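Working notes, beginning with the structure itself.
Bear in mind the structure is a predicted one, so any value in this text is a computation, not a measurement.
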Amino acid sequence: AMPNSAADPQGSSDLAPATAVEGGQDDSIDSFMEDQPESHIPVFKPIELAIMGKPNVGKSTLLNAFIGEDRVITGATPGLTRDSIQVEWTFEHRPFRLIDTAGLTRLRPSEALLAGVKEQQHLTLVDALGRDAANQKITLPGSQEVDIEEDPSQFSAQIAEYALLSALQTLKFTNVVMLVVEATQGQFSKVDLQLARKCLDEGRGLFIAANKVDLLLKQGMTLTQYEKQVKEHAAEYFREFGSIPVVACSGLDNRSLPRLLRTATRVHDSWDRRISTGLLNAWLREVNVTAPKARVGDKQLKVKYITQVKSRPPTFTLFCNADELPTFFERYLRSKIQDEFKLEGVPIRFVVKKSEGNEVKKHLLKQGKHSRRGTGLGEAKGKLGPEGKKNRRTVDFYAKHKSRSEVEQRRRRDTRLRKKRGV
């Protein structure tokens, strides 16, 4: 039977949570949870963690290492995993849904190959019904030159298309993506960059598992050095994503497996986090002091207000005096907000809204008139016209923006204030 948690004795011992004993008291998480009333124990939804990357980088090996048994097929031959496989798992009282996906060689499916697969499925159905399928044509690219019965590799290409679609479908519905790379590849491949871009577009959390570190340890490199190199490389190529966590690991040696799951938990919680408007605007006031000067058209950019409108991923609305942010300034804000609120590995989205301001007050300023209230109604004696009379043009402009009842209420209130002051 498959073990249900990392604490299960049948599972991987490397994943079992440590028990700290100090002063004769057991401070472990298990003892703490046992002392809590059942109603106080938090109930978490499963963290959907998709394990993705190129073929033969150790994705299935990491999944087997997590659960402590050979749940999926592994081997040196690339392409052994064809469909997405889900495994329920619990680590440190947080439920996980681990999803092993097929290795990706590209992220754009071929419509022609998919059409060939559908045609082949139709032929299979015809054969099952006992009808004559000899006259049916397979609309596969190049079918005039290639006989499918003599070249079974065409079917292999079609299966790879469905494996790609399965992986992309997993990406749409998962919470966090663990991008697996191997130590011997030297730099990020085109597929790695495309996958990170896809995570950004879909709004999924992302962190990097630098697998097969055991090969580098034999050459004298330490885990810290390897993680630093990968992190610097990620900062150079994944600029739009911001800071991405990196964990050096080895599925073969069960190395750094708890760190991987704790990183996934941290990224998921940041991805699902909501930040109060007060904290955001206190942070914004500090940022406006040190932020680089930015200009949009012929005016200097001013960000006046910020609020979070949704999570999963965190989305913030910025009120400023422009319709859009310069690219460098948006990247600066994203970096600052990730550092301040610990949103590492989380795509940050900004919605920019241009604040129009008080139309009535803007009209008064254009006319060279001033009022303490900014509307010019009922106050500012001698300011709006000769002998203290109200400027009729201003009242008409105000009536365009407010209903008649609101204008009358304003006049009555101002009349009461004058009587009270004895004016």
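- The pair Glu227-Arg259 counts as a salt bridge, with a side-chain nitrogen and a carboxylate oxygen less than 4.0 angstrom apart.
- The shortest non-hydrogen separation linking Leu164 to Arg106 is CD1-O, 3.1 Å.
- Taking Phe173 as the reference, nothing meets the ring-ring contact (aromatic ring centres under 6.0 Å, His included) condition, with sequence neighbours excluded.
- A distance of 5.5 Å separates NZ of Lys336 from OG1 of Thr290, quoted to the nearest 0.5 Å.
- Aromatic ring orientation, His233 versus Phe188: parallel (interplanar angle below 30°, classes split at 30° and 60°).
- With no hydrogens or angles considered, no side-chain donor-acceptor pair links Glu48 and Thr174 at under 3.5 Å.
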Evaluate salt bridge (Lys or Arg N to Asp or Glu O under 4.0 Å) for Glu92 paired with Arg262, printing each intermediate quantity in order. CA-CA 9 Å; Glu92 293 182 350; Arg262 292 189 185 108; 2.7 Å; yes
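- Ile47 is listed as a side-chain neighbour of Arg94, based on a closest heavy-atom distance under 4.5 Å.
- Checking Val87, Asp100, Leu98 one by one against Phe66, the side chain to side chain contact (heavy atoms under 4.5 Å, CB included) holds for a single residue, Leu98.
- Using a 4.5 Å heavy-atom cutoff, the side chains of Phe96 and Glu88 are not in contact.
- Between the Trp271 side chain and the Gly203 main chain, a donor and an acceptor come within less than 3.5 Å of each other.
- Here the straight-line distance linking atom NZ of Lys304 with atom CG of Asn281 works out to 13.5 Å at 0.5 Å rounding.
- Asp272 contributes no side-chain N or O that, together with a main-chain N or O of Arg312, makes up a donor-acceptor pair within less than 3.5 Å.
- In terms of heavy-atom proximity, Val303 sits nearest to Asn288 at O-ND2, 3.2 Å.
- In this structure the side chain of Leu325 reaches within 4.5 angstrom of the side chain of Leu333, judged on heavy atoms.
- Atoms CG and CG, from Leu252 and Asn211 in turn, are 9.0 Å apart once rounded to the nearest 0.5 Å.
- Separation of atoms CG (Leu217) and OG (Ser250) is listed at 8.0 Å; rounding is to 0.5 Å.
- For the salt bridge (Lys or Arg N to Asp or Glu O under 4.0 Å) test, no residue two or more places apart in sequence or in another chain qualifies with Asp339.
- In this structure, Lys198 and Leu171 have side chains that are in contact, with non-hydrogen atoms separated by less than 4.5 Å.
- A donor-acceptor pair under 3.5 Å is absent between the side-chain atoms of Asn175 and the main chain of Arg204, judged by distance alone.
- A distance-only check finds no donor-acceptor pair linking the side chain of Arg334 to the backbone of Ile337 [under 3.5 Å].
- With a 4.5 Å cut-off on side-chain heavy atoms, Lys54 and Thr105 do not count as touching.
- Here Phe241 pairs with nothing under the ring-ring contact (aromatic ring centres under 6.0 Å, His included) rule; sequence neighbours left out.
- Taking OG of Ser243 as the reference point, atom NZ of Lys231 lies at 4.0 Å (rounded to 0.5 Å).
- Annotation for Arg266 and Pro245: closest pair NH2-CB, 4.2 Å, computed over non-hydrogen atoms.
- Here the side chains of Leu280 and Phe341 are in contact, with some heavy-atom distance below 4.5 Å.
- For the pair Gln86 and Ile99, the tightest heavy-atom approach, listed with the atom from each and the gap, is CG-CG1, 4.0 Å.
- The two residues Thr74 and Ser60 make their nearest non-hydrogen contact at CG2-CB, 3.6 Å.
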Could you walk me through whether Leu318 and Val351 pass the side-chain contact (heavy atoms from CB on, under 4.5 Å) check? CA-CA 6 Å; Leu318 301 174; Val351 178; over 6 Å; no
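- When all heavy atoms are compared, the tightest approach of Thr101 to Ser84 is CG2-OG, 3.8 Å.
- The shortest distance between side-chain heavy atoms of Ile208 and Phe238 falls below 4.5 Å.
- Atom CG of residue Leu223 and atom OG of residue Ser256 lie 5.5 Å apart, to the nearest 0.5 angstrom.
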Trace of the side-chain contact (heavy atoms from CB on, under 4.5 Å) decision for Met52 with Met178: CA-CA 6 Å; Met52 307 187 74; Met178 181 172 72; over 6 Å; no
Could you walk me through whether Phe207 and Val177 pass side-chain contact (heavy atoms from CB on, under 4.5 Å), step by step? CA-CA 7 Å; Phe207 70 99; Val177 173; over 6 Å; no
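- The shortest distance between side-chain heavy atoms of Leu206 and Leu179 falls below 4.5 Å.
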Walk me through whether Asp192 and Ser189 qualify under side chain to side chain donor-acceptor pair (under 3.5 Å). CA-CA 5 Å; Asp192 297 332; Ser189 65; 3.1 Å; yes
